[in-house]
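A short worksheet on the structure shown next.
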Amino acid sequence: MAQGTVQVTHGGASRWRRRSGEYPTLSAALAAAGDGDVLSIAPGTYRENLVLHHAVTLRGPEGAAAGSVRIAPLDGVALTVRASAVVQDLHLEGADRAAPALLVEDGCPELSDLRVHTRSSAGIEVRGGARPLVRRCTVENPAGVGISVLDGGGGVFEECEVVAAGQAGVSVRGGHPRLERCRIHHATGAGIAVTGEGSGLEALGCEVYEIKGSGVQIAARAAARLTDCAVHRTSADGVTLDTDAVLTLAGCDIHDIPENAVDLRSRSVLTLSRSTVRRFGRNGLSVWDPGTRVDAESCEIHDSTGDYPAVWISDGATVSLDSCRVHDVPDALFVLDRGSRVDVVDSDLTQVRNTAVSVSDGAGAQLDDCRIREAGTGAWFRDHGSGGTLANCTIDDVQSGVIVTKGADPVVERCTVTSAAEAGFYVSAGGRGTFTACRVSGSSGFGFHVIDGCRTTLSRCHTERCARGGYEFAEDGPVAEGCTGDEPGPRLGARAAAGDVPAGAQPVVRAAAVPGPAGAPAAMPGQRPSDPGAPGAGDAADAGAVRGSGEVLGQLDALVGLDSVKREVRALTDMIEVGRRRQQAGLKAASVRRHLVFTGSPGTGKTTVARLYGEILASLGVLERGHLVEVSRVDLVGEHIGSTAIRTQEAFDRARGGVLFIDEAYALSPEDSGRDFGREAIDTLVKLMEDHRDAVVVIVAGYTEEMERFLTVNPGVASRFSRTITFGDYGPQELLRIVEQQAEEHEYRLGEGTGEALLAYFTALPKGPAFGNGRTARQTFESMVERHAGRVAQLAEPSTDELTLLFPADLPALSAPC
């Protein structure tokens, strides 16, 4: 298209200027024009570099097709604006990689309906004191920045569109623009980039999408505010903040991001309100470094498409969530490293595949009035220095409610766990924790399960309808005061004599005389807690004093019942002993696989027999130490790919020279496994058992039917175990014998008719899922002691017989089958 003429209508105040004229070039027309003049440009291509020094109006002809007027110089800036001019309906093209197509340097011009199609350093550049109003303009610049605002520039961009950019769609360095209802897409680089101290941006109702890079990038002390904006379909993070950046997102939607939806580092601060983060491949919020902080209110984070936590907080960062929802994610909140912290108030964490709240490496978490539902684990405090507070929270429909391990020490107050598939509260591996006025209802496992002698404190806690029992403690460590349940009363500790308990008061529960993990007795019938090998006395092998096999077998024989178990262990021991002697005589010895499967109901002594078996093998020289390391699913299975193998290896290493006892091993292979990582633990374990066959003996334990299924999961599993030993339920006569031993242990006696009453009681006792064999016998004894205390406390000066004799009236009432 050839260049046309330019008609200038002079609009000055002087009469002699109110006239029209035509000029052959734009440059000539501009030279003749003054403030207020209107330049109407005929259709054509003008290869001129235009500079507006006056407040003129520069526009294409009325009614002409869009793009009919092209300003397309061969180099340099196509249009430079240095006054409060009006520019309309032009098509600007630039070809200079070192200069912008449209440069605004001064004034408050109005630029509307422009199309900038260029391959230059920037489509539109605003600098200095310029404050343009830019409306309905389109920028396409595959070679550089779409819109650049720098060096104190500002202005308002309304309904503008950056359709392509070889670098950032909008770049701000030292400027302060405002974007309203703009669209930035198909940029290579950040969609919006605000960088440098003193830089700022405000965006309202804008959309950033299809970006080969980050959607929004704020860095180096810059600040921005986005309201009712959307960022989606990027190739990198959705929003990034770095080095003292400050960003406010209000009513925004960040979605369909393959990496982190929002990533903050180096003392950056993000304020979120009424915003949604969804469909992200890594973290929804990724928050790093001391001084970095996120404050979120009334926000929703959901629908992760990857295997990463929704909120990741590390290296001393802090996140606060108020009235937020996090759901449909692998993990909800993952906080780690000393100084890192998360504070959550009145929020919902639901449909979490693994752990809702994970706290590790010295980090802290504070949750108040929150609701956790449909999760693998409600909250997991993982290791030493990790802690915080859970207050007034409800945890429902989870595998485990709260887990505390490896020296972690949280405070849990007035929290309720309902419908847990495993334990309501589980403490192991040196975990601590203080639980006050907490409740567990409808758990398929134990209400409170504390193993490994953990120094846990329970106060005024309550359990009801827990299938395996309300409270399960192992070894000396836990202390419980004023705790209640709907099963036979709370346990009486070895150091709390019944005569010291006032009528109506709850006894202090100390773990030396309460059941062991997964139903195994803390002191099996026939053992005293002070006996070598009894739980609470320490492992003989660890103490360096290995007992002879005859002594340990004698202790095994002293246990109540378990006749078939004793025969199996003796037969296995004989095979190993004879094999050892044949080798000493220079003969071939039969290969004996020492790994075992223990099947049976809770409370039948599986853990204690495993401990004694380790001692026997140590006495025969088969194992170096013979110590017992007890683990369950929560100790082996991680939340992310690869973490399960690491945990399983760590547990195996702790058991070197001894026995690795995996309780409820069938939980590693749930029937509806989905994306469960339990299979990875099994595969890792099978390989370790083969590679280190002489270093560790592995015993897997659980219910009979479930263990049969477990052995079919991996072709190598069944072949690794030499035999299965079944632990049968105790009969009424054996349960009576356990009560008699408990009475003798605590210096009580059974009064006339009490033995017969107990035998009838155990015969009639329902054998539902809550029945715990030896544990049930001990709980019955403890309940009798409590009722005895309430009766004797009313006597002014009770005699020795009155202080020691238990009568049929002290028996608890029979409960309905569970």
Side-chain angles (χ1 to χ4, degrees), residues 237 239-247 259-272 277 280 282-297 299 301 304 306-322 324 326 329-345 347 349 352 354-368 370 372 375 377-391 393 402-412 430-434 638-640 643 646-647:
D237 296 336
V239 176
T240 65
L241 285 79
D242 200 358
T243 314
D244 300 288
V246 178
L247 174 64
E259 298 293 326
N260 300 306
V262 183
D263 183 84
L264 295 81
R265 299 171 187 262
S266 303
R267 303 172 304 280
S268 297
V269 177
L270 171 67
T271 302
L272 278 165
V277 176
F280 42 88
R282 291 182 69 87
N283 308 125
L285 296 178
S286 177
V287 192
W288 301 69
D289 302 327
T292 305
R293 180 178 181 86
V294 173
D295 291 296
E297 182 178 3
C299 295
I301 303 172
S304 167
D307 292 314
Y308 301 87
V311 180
W312 174 280
I313 309 152
S314 67
D315 296 286
T318 302
V319 169
S320 173
L321 305 178
D322 189 345
C324 294
V326 182
V329 294
D331 299 272
L333 312 177
F334 222 79
V335 51
L336 64 161
D337 300 324
R338 187 168 301 279
S340 300
R341 182 177 178 86
V342 63
D343 293 283
V344 190
V345 178
S347 296
L349 312 176
V352 181
N354 299 312
T355 304
V357 182
S358 176
V359 185
S360 60
D361 297 326
Q366 172 86 37
L367 274 72
D368 295 285
C370 293
I372 298 172
T377 300
W380 191 341
F381 298 88
R382 294 176 177 270
D383 45 32
H384 182 73
S386 304
T389 302
L390 268 63
C393 296
V402 176
I403 298 175
V404 183
T405 54
K406 299 181 181 178
D409 193 13
V411 174
V412 185
R432 297 174 69 91
T434 300
E639 292 78 16
H640 311 299
S643 62
I646 294 172
R647 289 189 186 179

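Note that these values count all heavy atoms, side chains included, but never hydrogens, waters or copies made by symmetry.
Here the closest non-hydrogen pair linking I313 and R341 is CG2-O, 3.9 Å. Shown here for V404 and A408, the closest heavy-atom pair between the two residues is CG1-O, 3.3 Å. Nearest heavy-atom pair across G316 and D337 is N-CB, 4.4 Å. Scanning both residues, A356 and G378, for their nearest heavy atoms gives CB-O, 3.0 Å. Annotation for W288 and S314: closest pair CE3-OG, 3.2 Å, computed over non-hydrogen atoms. Annotation for R338 and G385: closest pair NH2-CA, 4.3 Å, computed over non-hydrogen atoms.
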Using residues 259-266 as the side-chain source, report each donor-acceptor pair under 3.5 Å to any protein atom, sequence neighbours left out, with the distance given to one decimal.
| residue | atom | partner | partner atom | Å |
| --- | --- | --- | --- | --- |
| N260 | OD1 | N283 | N | 3.1 |
| N260 | ND2 | D237 | OD1 | 3.4 |
| D263 | OD1 | S286 | OG | 3.0 |
| D263 | OD2 | R265 | NE | 3.0 |
| S266 | OG | D242 | OD1 | 3.4 |

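Here E297 pairs with nothing under the side chain to side chain donor-acceptor pair (under 3.5 Å) rule; sequence neighbours left out. Checked against salt bridge (charged side-chain N to carboxylate O under 4.0 Å, His left out), D368 has no partners two or more places apart in sequence or in another chain. Legend: residues meeting side chain to side chain donor-acceptor pair (under 3.5 Å) with D322, ordered by chain and number and at least two apart, are absent. Among residues two or more places apart in sequence or in another chain, the salt bridge (charged side-chain N to carboxylate O under 4.0 Å, His left out) test is passed with D383 by none. Taking D315 as the reference, nothing meets the side chain to side chain donor-acceptor pair (under 3.5 Å) condition, with sequence neighbours excluded.
Once rounded to the nearest 0.5 Å, the distance linking CG of D331 with OG of S304 reads 9.0 Å. Here T318 contributes atom OG1 and D295 contributes atom CG; the two are 9.0 Å apart, rounded to the nearest 0.5 Å. Interatomic distance, OG of S358 versus CG of L336, reported as 8.0 Å (0.5 Å rounding). To the nearest 0.5 angstrom, L321 atom CG is 8.5 Å from C370 atom SG. The CG atom of L241 sits 14.5 Å away from the CZ atom of R293 when rounded to the nearest 0.5 Å.
With V287 as reference, T292 is the one residue of V335, T292, L270 to meet the side chain to side chain contact (heavy atoms under 4.5 Å, CB included) rule. No option in I403, L390, V357 other than L390 meets the side chain to side chain contact (heavy atoms under 4.5 Å, CB included) test with F381.
The shortest side-chain heavy-atom distance between R267 and T243 falls under the 4.5 Å cut-off.
Between S360 and W380, the side chains place no donor N or O within less than 3.5 Å of an acceptor N or O (distance only, hydrogens not considered).
Between the side chain of T405 and the backbone N or O of R382 there is at least one donor-acceptor pair closer than 3.5 Å. Put simply, the side chain of S268 never gets that close to the backbone of V246: no donor and acceptor are under 3.5 Å apart.
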Practice task
Please test V329 against Y308 for side chain to side chain contact (heavy atoms under 4.5 Å, CB included), starting from the C-alpha separation and ending with a verdict.
Solution key: CA-CA 8 Å; V329 294; Y308 301 87; over 6 Å; no

